[in-house]
There are 2 protein chains.
Amino acid sequence: MTKEVFTDPRITAMGLLNEVHAGLNEKFQPLLAAHKLSLAEFDVLIRLARSPRYRLRMSDLAAQTILSTSGVTRVVDRLERDGLVTREACPSDRRGFFAVLTEAGQDRVERILPEHNALIETWFTGLLAPEALAALEDTLRTVRDAVRPSSTAGVTGEVERACLRRPDRSEPVAASE
Amino acid sequence: MTKEVFTDPRITAMGLLNEVHAGLNEKFQPLLAAHKLSLAEFDVLIRLARSPRYRLRMSDLAAQTILSTSGVTRVVDRLERDGLVTREACPSDRRGFFAVLTEAGQDRVERILPEHNALIETWFTGLLAPEALAALEDTLRTVRDAVRPSSTAGVTGEVERACLRRPDRSEPVAASE
DNA sequence: AGTAGATTGTTGTTGAGGCAAGTACAACTG
DNA sequence: CAGTTGTACTTGCCTCAACAACAATCTACT
């Protein structure tokens with residue numbers, strides 16, 4: 001069996017990316033577990049917190065996160081049961097719903113995020129020289145724009161228009177998680 | 001609600017990392033699905049293919065992959081059921097088992113990997129200038145070594161000794177997935 | 001208006017994987 | 001050598017998410 005195919009230098013970068021991703025998420029797990037949140041739930045909360053009027057369409061959440069639309073339905077179910085999010089009907093499209101962050105949800109995010117950011121600093125950004133970090137972001141942005149063109153759905157800030165067709169993609173905004 | 005905490009520049013890099021990871025894995029999914037493999041299964045197969053004598057201890061697999069030990073048990077169950085892997089008792093430690101890649105497993109990996117590498121080239125490494133890629137690998141390695149010190153468990157090449165205590169970590173070898 | 005087709009969101013089913021408890025063995029202690 | 005402690009897996013139970021089928025609604029075309 002030829003071994004060259006296993007040691008192809010291209011897979012090195014891919015392997016490193018995967019390991020870094022997995023390792024960092026491992027580091028975040030304890031904090032999230034302490035607040036009874038899964039990664040997917042935290043992701044949804046943060047995206048809502050960063051959105052105008054703390055709301056996003058269910059389908060926009062699905063586009064932004066790693067979740068399918070049914071996954072979003074269930075995550076929002078859980079968050080709603082815990083009082084962190086509510087559903088609000090879209091006035092102009094009766095099929096649509098907004099997930100809206102409640103006051104309790106905002107508090108929860110506000111309480112977790114500083115610790116979470118500290119973990120990122122400790123295990124990731126703090127390990128890198130400023131120019132290395134900048135270069136990394138440039139590089140990642142290049143790849144992101146290639147593989148994930150829809151990652152900014154619903155963040156144009158025109159919430160009033162968000163009930164209409166999904167607006168055009170605007171300048172990419174790096175999502176939080 | 002103060003918004004600074006949401007736009008903290010530190011989380012930008014983290015968000016990009018997550019999006020790149022998710023986006024790339026999305027690109028790999030069709031190929032793996034065509035071969036009836038999950039990402040975890042493919043990961044295990046590749047790690048076995050890269051290991052001396054195509055074998056690793058179950059616990060080493062757990063340390064290298066994102067899986068827990070019970071997760072490894074079940075993944076190997078499936079791979080064994082499909083004839084790609086067999087379990088082999090460790091002669092010197094009767095608690096231990098090796099997962100060993102069968103001929104069929106080697107063939108399967110050999111058939112998939114070129115296509116997989118091509119996808120990596122198309123969506124990731126091919127998008128970057130050589131020096132940008134090298135810088136990325138350096139940066140990722142720095143973070144990886146911090147968050148994932150055990151990622152090279154069982155790759156020292158001393159298979160005969162692998163039945164004893166897990167050997168010292170040697171020079172990190174970027175894993176494939 | 002009227003119907004075809006697309007889109008939004010929810011639900012039933014299936015399967016993956018983590019945790020904790022259990023079994024079997026190894027290594028250390030006195 | 002008996003007893004304790006630690007390690008290597010496995011198994012039962014649970015949570016979670018994807019897929020597909022479905023209901024409701026919107027859009028476009030005639």
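Here is how names work: the chains are called A, B, and so on, in the same order as the sequence lines, proteins then strands, and each is numbered from 1.
At the heavy-atom level, B:A62 lies nowhere under 4.0 Å from the strands shown.
Between B:V100 and B:R87 the shortest side-chain heavy-atom distance does not fall below 4.5 Å. Within the 4.5 Å cutoff, the side chain of A:L24 has heavy atoms near those of the B:L17 side chain. In this structure the side chain of A:H116 reaches within 4.5 angstrom of the side chain of A:F42, judged on heavy atoms. Between A:I11 and B:R50 there is a side-chain heavy-atom pair separated by less than 4.5 Å.
Non-hydrogen atoms lying under 4.0 Å from DNA chain C are contributed by A:T69, A:S70, A:T73, A:R74, all within residues 67-77 of chain A.
Remark: P of C:dG18 and CG of B:L61 are 13 Å apart, rounded to the nearest angstrom. Between A:R95 atom CZ and D:dA24 atom P there is a gap of 14 Å when expressed in whole angstrom units. Residue B:L32 contributes atom CG, which lies 14 Å from atom P of C:dA16 at whole-angstrom precision. Rounded to an integer number of Å, the gap from CZ of A:R81 to P of C:dT10 is 15 Å. Straight-line distance from the CG atom of B:N25 to the P atom of D:dA17: 16 Å, rounded to whole Å. Across the protein-nucleic acid pair, A:R87 atom CZ and C:dT8 atom P stand 16 Å apart, rounded to whole Å.
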Distance-only criterion, 3.5 Å: show the donor-acceptor pairs between side-chain atoms of residues 120-131 of chain A and protein atoms not counting sequence neighbours.
{"unit_1": "A:E121", "atom_1": "OE1", "unit_2": "A:T125", "atom_2": "OG1", "d": "3.2"}
{"unit_1": "A:T122", "atom_1": "OG1", "unit_2": "A:A118", "atom_2": "O", "d": "2.9"}

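One N or O on the side chain of A:T102 and one on the backbone of A:G83 form a donor-acceptor pair closer than 3.5 Å.
Within the structure, every side-chain polar atom (N or O) of B:R94 is placed at least 4.0 Å from both OP1 and OP2 of C:dA27. Taking side-chain N and O atoms only, B:S59 has a distance below 4.0 Å to OP1 or OP2 of D:dC9. Phosphate proximity of C:dA16 to B:R78: present, with a side-chain N or O under 4.0 Å from OP1 or OP2.
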